[in-house]
Chemist: 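Pasting in a structure now, in structure tokens, and then I'll have a few things to ask.
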Amino acid sequence: MSTAAIPQGMPQYEDKPRFDVEKVRADFPMLDREVNGHRMVYLDSGNTSQKPRQVLEVMQAHLERHNGNVSRSVHTVGTEATEAYEGARAKVARFINAPSVDEVVFSKNATESINLVAYSFSDRADDPRFRIGPGDEIVISEMEHHSNIVPWQLLCERTGAKLRWFSITDQGRLGLDKLEDLINERTKIVSYALVSNTLGTINPTSAITTRAKQVGALVMLDASQAVPHIPVDVQDLNVDFIAFTGHKMCGPTGVGVLWGRYELLNAMPPFLGGGSMIETVSMSGSTFAAPPARFEAGTPPIVEVVGLGAAVDYLSGIGMEAIAWHEKELTTYALDALLAVPGLRIFGPETPVGRGGTLSFALDGVHPHDVGQVLDSVGVEVRVGHHCARPVCARFGVPAMTRASFYLYTTTEEVDALVRGLDQVRKIFG
Amino acid sequence: MSTAAIPQGMPQYEDKPRFDVEKVRADFPMLDREVNGHRMVYLDSGNTSQKPRQVLEVMQAHLERHNGNVSRSVHTVGTEATEAYEGARAKVARFINAPSVDEVVFSKNATESINLVAYSFSDRADDPRFRIGPGDEIVISEMEHHSNIVPWQLLCERTGAKLRWFSITDQGRLGLDKLEDLINERTKIVSYALVSNTLGTINPTSAITTRAKQVGALVMLDASQAVPHIPVDVQDLNVDFIAFTGHKMCGPTGVGVLWGRYELLNAMPPFLGGGSMIETVSMSGSTFAAPPARFEAGTPPIVEVVGLGAAVDYLSGIGMEAIAWHEKELTTYALDALLAVPGLRIFGPETPVGRGGTLSFALDGVHPHDVGQVLDSVGVEVRVGHHCARPVCARFGVPAMTRASFYLYTTTEEVDALVRGLDQVRKIFG
Amino acid sequence: MRLDQLYQEIILDHYKHPHGRGLRDPFGGEAHHVNPTCGDEVTMRVAVDSAGVLSDISYDGQGCSISQASASVLHELLRGRRADEAARVHEAFAELMGGRGAVEPDEDLLGDGVAFAGVAKYPARVKCALLPWMAFKDAAARAGVAVTSPAA
Amino acid sequence: MRLDQLYQEIILDHYKHPHGRGLRDPFGGEAHHVNPTCGDEVTMRVAVDSAGVLSDISYDGQGCSISQASASVLHELLRGRRADEAARVHEAFAELMGGRGAVEPDEDLLGDGVAFAGVAKYPARVKCALLPWMAFKDAAARAGVAVTSPAA
Ligand SMILES: Cc1ncc(COP(=O)(O)O)c(C=O)c1O
Ligand SMILES: Cc1ncc(COP(=O)(O)O)c(C=O)c1O
């Protein structure tokens, strides 16, 4: 890890791990492009991240030299593909400190991972922990992404269970005051975001897991916005499941991860049926493979998993501690800069503690669509809309928000470009 | 389309479209590689196909220049990504002659596409065509891939419906003699392979669709082994759904297709819940987008869909008629050659009519694992095992088969290499 | 900067000073439409008199400059017209929006609507411009008059 | 050609002339294992006498040369041994198979089993070689004796 000079005006925490942002940027071909005649300022990494050359090369090499289907052939090409695929599983397991590689299930995205867990619950479940019906409760939060809301709403519709919600405080933090009431003997599972995709909040875990264990409820974390940005250790977190997605962490689209405690995965019924998830199939009935294969029906996203493995290598090479610190410094800088913009209101914590580098805001009476459009005209790419989190917008009384989200390749100059862009917006719509 | 000389010993159908196989092979980087010191002879395209340079380049360019999330941003990068993604949908729709682009749903593989349809059936369905329970029947066939068996077995378990099966004749064709009994007023859906992945059989459709329409049953085709190899026109086929998969048709892994008649898709409930499939989400409940968005929850396989679009362009450029004819000629040649191998028994049609270029066989008393291993030692990559179709193996009284499967880049010389390899097998295990 | 093609003076004017905004009674049909990607909403009401004239078009909603200005322009253009005339304008507007910038707008027919020609070049914003028009079509249908135009 | 490392003479011999094949009575425990990727199957029966000796190991199944020869070798090696001795052999065999070709086999302990050293280099075939051993372990457990070894 190389150490770069600490920019002026920043706290000089010299013991913190650092890296050279410009060197990192050189790894990302997309960052060279222009948008509307300006060098692109990509502040939409919370939506999807850019991919380093190192990941693209591994994928290309796999497709040109080792392309075969996995775990079905004895031939050399198939064996190589299988080793690359299973090798990536081991890398991902190590990255999140999973006790066993067999706890890592590959899906198509975080959304599928969450649905997989939701579909494991039914009134027919063999294991009482997954048996659910009227009178039972599921707890999520108001700050969830739709992908951690809709699967549970659909489950409640199918089974008659009741959906309950953590509230959000005015500062954009999880409302924990009613914890004892919210999580109780009727609760089957608590599922919430480790890091919010709109507010940037990093949510607490130990009070919630302690309470959940007390009442025998499972805990799942939507770690889609966490795993790319901060060190995540599933043993430390002491939860039952986490879900995350490849394309937000320097990997390709088309691959997501469900991590689950083996004993729980093993108690879950199959979800998607098909090739590779079976033990034996006959006309009179079928039996199913052990996890993770049980949940990987059909041809998996092979080259995508291999790419995700390369992404994990890339991130580990730089160091998740260093990435988290880089984003923390950037966030400090950006909060200062944005809060100085007249008429700008931040949704979520205004202090750079217990939050990540995702900043949502409103500008006066200007609609986010218009903010985003003007910013785009000067090359600044931010996301506008409800960010797949309408309840958060409703909570703060707005139909939509503008969101800037950072990653390891984001610079303070890019934050400056955002602020300059907002001046433009105010000129046109002032 | 260039015309190549017609090899000696083949019927001289001069009016048939042809292409230059060597020129095609030059497009596929993988075909240059060696296996165990021999030039690789890849005869496992039924498992997964190789990818042409043209597809890899489009994917690489997308990731290096247009990588953004789709349908969520107003920014330039997001707009470009959305156009690439939706442009690929239009290409796929044209490729299968779908009446509307909105009938093309992207999934992760054919397996998910089939599960999506299976999960649309329940005892709570609003539309009577998808309402199912005890007394209702589902018809599949004994020659199905596990991906078109297990989803229906799971559905029957959930709902109490009964699974019924088309038999297989000794020649490896669909047994149609009991059609009237098999498909009756209790039948909700008939789902079977348009082309078998083990026997190579191309199955008939019109007798079955006619009977299904008579009784009001839906018809789905597992077209995973058809779309890559023969022209498929959904309007011509006159069915309700087809499923296929990107990685078998020169596209990447991680993407599959479900085509369905719009009116039916529109009557189907959501399956996976999450971002991008909603109309509006609130704490009290959610409403859902129209198809295809309703079935594409979360970030879709963006670059994979773009790659599939490029694959469709590539295949169309050569021409599906020409590809089908090339494989027919190869199959004729291969059947002749294999049937001359002492002790070799073909499973499936022994005539090159109504069948594709997938040849499964048994060699004397040698177990397929051993056949495959010896072939691999001379660079010939075939698949061995039950090919995710155990009922077919059971039907023919064997635990496993050896399968050679061809594609547009396969040559008669490669068939010769297979036959030479089989001589070796017989030497070692004779 | 192509931006002023999009944010024409006329559009910003209508956005800052919307015409005929607010929901009014009586009305024959109402429709509420949402743009699921951004959460913009509009409610449209249509009143038709005995002569088949759209005697009032009232609306409310929240959204960006394009969708709000579009509702204001719609109100200006269609209120007081006969349903068949409104259909012609509707069709012309929808055609303009679907034209990716290649359609020459008819100023006689579209009035201030011509200012939206630039929007057609921004695929992500076309939906914003069309939102009030689609809601209007539904509201009109519910009020008993057909305003057909190709769906966007 | 590395192929003869895999298909050693000993393996082909055991495959063509299996020892002790066929299911026999009496037995204390039985287990049926399947290799889901290829469909190979094996049924193992274990009989234990009062002195804790594996008095018979009988088996049947269908599969490739490697899995069938492995069952035959297992029978040769373990029948007549005490359970704790069998456990040592089992462990050594599992270690050999998991070693990717880097483990030096102990001929005294493994006898004909050393011929499987080459199999360890073919990851796809390791499962074949282990199939009878895993079934044996289960059958032994059901017969009341523990044969622990690291799972493959
Ligand atoms: C006939 C058939 N159906 C379905 C599938 C499943 O395709 P996928 O594994 O891509 O889901 C395959 C291939 O594996 C197949 O050959
Ligand atoms: C917090 C959170 N959860 C879930 C998701 C869904 O991820 P994906 O769209 O890759 O399934 C996202 C991102 O879109 C997210 O930010």
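In the text below, chain A, chain B and the rest are named by the order of the sequence lines, each starting its count at 1. Remember, it's a predicted structure, so these values are computed and weren't measured experimentally.
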Chemist: Go through B:L375, B:T245, B:T280 and name the one with the most non-hydrogen pairs under 4.5 angstrom from chain A.
Modeler: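 Option with the greatest count: B:T280.
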Chemist: With side-chain contact (heavy atoms from CB on, under 4.5 Å) as the criterion, how do B:T48 and A:T299 come out once you've worked through the C-alpha distance, each side chain's angles and the decisive distance to 0.1 Å?
Modeler: CA-CA 9 Å; B:T48 197; A:T299 301; 5.6 Å; no
Chemist: Roughly how far apart are B:F271 CZ and A:N115 CG, rounded to 0.5 Å?
Modeler: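 Reported value, rounded in 0.5 Å steps: 7.5 Å.
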Chemist: Of the backbone (N, CA, C, O) and the side chain (C-beta and beyond), which part of B:V382 lies under 4.5 Å from a heavy atom of chain A, both, or neither?
Modeler: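 Contact with chain A is through the backbone of B:V382 alone.
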Chemist: Between chain B and each of A:M40, A:R124, A:M59, count heavy-atom pairs under 4.5 Å; write down the option with the most.
Modeler: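 Ranked by heavy-atom pairs under 4.5 Å with chain B, first place is A:R124.
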Chemist: Chain B: which of A:G256, A:G379, A:P29 shares the most heavy-atom pairs with it under 4.5 Å?
Modeler: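 Looking at each option in turn, the highest pair count goes to A:P29.
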Chemist: With chain A as the partner, which of B:R65, B:E64, B:M277, B:H387 has the greatest number of non-hydrogen pairs under 4.5 Å?
Modeler: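 So the answer, after comparing B:R65, B:E64, B:M277, B:H387, is B:E64.
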Chemist: Among B:H386, B:Q60, B:R53, B:H369, which has the most heavy-atom pairs under 4.5 Å with chain A?
Modeler: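 Heavy-atom pair counts peak at B:Q60.
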Chemist: Check A:C388 against B:S276 and note the closest heavy-atom contact, atom names and distance.
Modeler: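 Shortest heavy-atom separation between A:C388 and B:S276 comes out as SG-N, 4.4 Å.
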Chemist: Against chain B, label A:N148 side chain, backbone, both or neither, depending on which of its atoms sit under 4.5 Å from a heavy atom there.
Modeler: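 Contact with chain B is absent: no heavy atom of A:N148 under 4.5 Å.
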Chemist: Which bit of B:L63 comes within less than 4.5 Å of chain A, counting heavy atoms only: side chain, backbone, both or neither?
Modeler: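 Contact with chain A involves both backbone and side-chain atoms of B:L63.
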Chemist: Check whether B:T76 gets within reach of chain A through its side chain, its backbone, both or neither, counting any heavy atom under 4.5 Å.
Modeler: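 Both backbone and side chain.
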Chemist: Where is the tightest heavy-atom contact between A:P391 and B:M283, given as atom of each residue plus distance?
Modeler: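 In terms of heavy atoms, the two residues are closest at CB-CG, 4.3 Å.
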Chemist: Go through it in stages, so that I can follow the logic: the residues are A:M30 and B:V77, the test is side-chain contact (heavy atoms from CB on, under 4.5 Å), and I'd like the CA-CA distance, side-chain angles, deciding distance and then a yes or no.
Modeler: CA-CA 10 Å; A:M30 263 292 286; B:V77 170; 3.9 Å; yes
Chemist: Between A:I114, A:D32, A:V55, A:N109, which residue shows the highest count of heavy-atom pairs closer than 4.5 Å to chain B?
Modeler: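 Ranked by heavy-atom pairs under 4.5 Å with chain B, first place is A:N109.
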Chemist: Measuring from B:S147:OG to A:I278:CD1, what's the distance to the nearest 0.5 Å?
Modeler: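 Reported to 0.5 Å precision, the distance equals 10.0 Å.
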Chemist: Tell me, side chain or backbone of A:V380 under 4.5 Å from chain B's heavy atoms, or both, or neither?
Modeler: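 Neither part.
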Chemist: Decide yes or no for A:V74 and B:V384: does some side-chain heavy atom of the first lie under 4.5 Å from some side-chain heavy atom of the second?
Modeler: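 Sidechains of B:V384 and A:V74: in contact.
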Chemist: Relative to chain A, which of B:T253, B:V150, B:T111 shows the most heavy atom pairs under 4.5 Å?
Modeler: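 Most heavy-atom pairs within the cutoff with chain A belong to B:T253.
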Chemist: Given a strict heavy-atom distance threshold of 4.5 Å, which part of A:V35 is in contact with chain B: side chain, backbone, both, or neither?
Modeler: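 Only the side chain of A:V35 comes within 4.5 Å of chain B.
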Chemist: Which bit of B:I149 comes within less than 4.5 Å of chain A, counting heavy atoms only: side chain, backbone, both or neither?
Modeler: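 Contact with chain A: side chain only.
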Chemist: As an exercise: rank B:A394, B:G285, B:P368 by heavy-atom pairs under 4.5 Å with chain A and give me the winner.
Modeler: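 Going by pairs under 4.5 Å, I would pick B:G285.
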Chemist: Hey, could you give me the OG/NE2 distance between B:S286 and A:H146, rounded to the nearest 0.5 Å?
Modeler: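 Answer for the OG-NE2 pair, B:S286 versus A:H146, is 7.0 Å.
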Chemist: Please classify the contact between B:V303 and chain A as side chain, backbone, both or neither, with a heavy-atom cut-off of under 4.5 Å.
Modeler: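 It is both, since atoms from each part get that close.
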Chemist: Considering only heavy atoms, which portion of B:I302 lies under 4.5 Å from any heavy atom of chain A: side chain, backbone, both, or neither?
Modeler: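 Both parts, heavy atoms under 4.5 Å.
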Chemist: Select one option (side chain, backbone, both, neither) describing which atoms of B:Y119 are under 4.5 Å from chain A's heavy atoms.
Modeler: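 For B:Y119, the side chain is the part near chain A, not the backbone.
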Chemist: Top residue by heavy-atom pair count (under 4.5 Å) with chain A, among B:E157, B:K51, B:Q373?
Modeler: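 Of B:E157, B:K51, B:Q373, B:K51 has the most heavy-atom pairs under 4.5 Å with chain A.
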Chemist: Given a strict heavy-atom distance threshold of 4.5 Å, which part of B:Q50 is in contact with chain A: side chain, backbone, both, or neither?
Modeler: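 For B:Q50, the contact with chain A is made by backbone and side chain together.
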Chemist: Pick one of side chain, backbone, both or neither for A:L272, based on which atoms fall under 4.5 Å of a heavy atom in chain B.
Modeler: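 Backbone plus side chain of A:L272, per the 4.5 Å heavy-atom cut-off to chain B.
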Chemist: At a 4.5 Å cut-off on heavy atoms, which part of B:N67 comes close to chain A: side chain, backbone, both, or neither?
Modeler: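 When you check distances to chain A, atoms from both the backbone and side chain of B:N67 fall under 4.5 Å.
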Chemist: Could you check whether B:K108 pairs with A:E112 (Lys NZ or Arg NE/NH1/NH2 to Asp/Glu carboxylate O, under 4.0 Å)?
Modeler: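 A:E112 and B:K108: salt-bridged.
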Chemist: Distance alone, cut at 3.5 Å: any donor-acceptor contact between the side chains of B:R390 and A:S282?
Modeler: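 Per modelled atom types, B:R390 and A:S282 side chains form no pair under 3.5 Å.
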Chemist: Look at the aromatic rings of A:Y42 and B:H75 and report parallel, tilted or perpendicular, splitting at 30° and 60°.
Modeler: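 Perpendicular.
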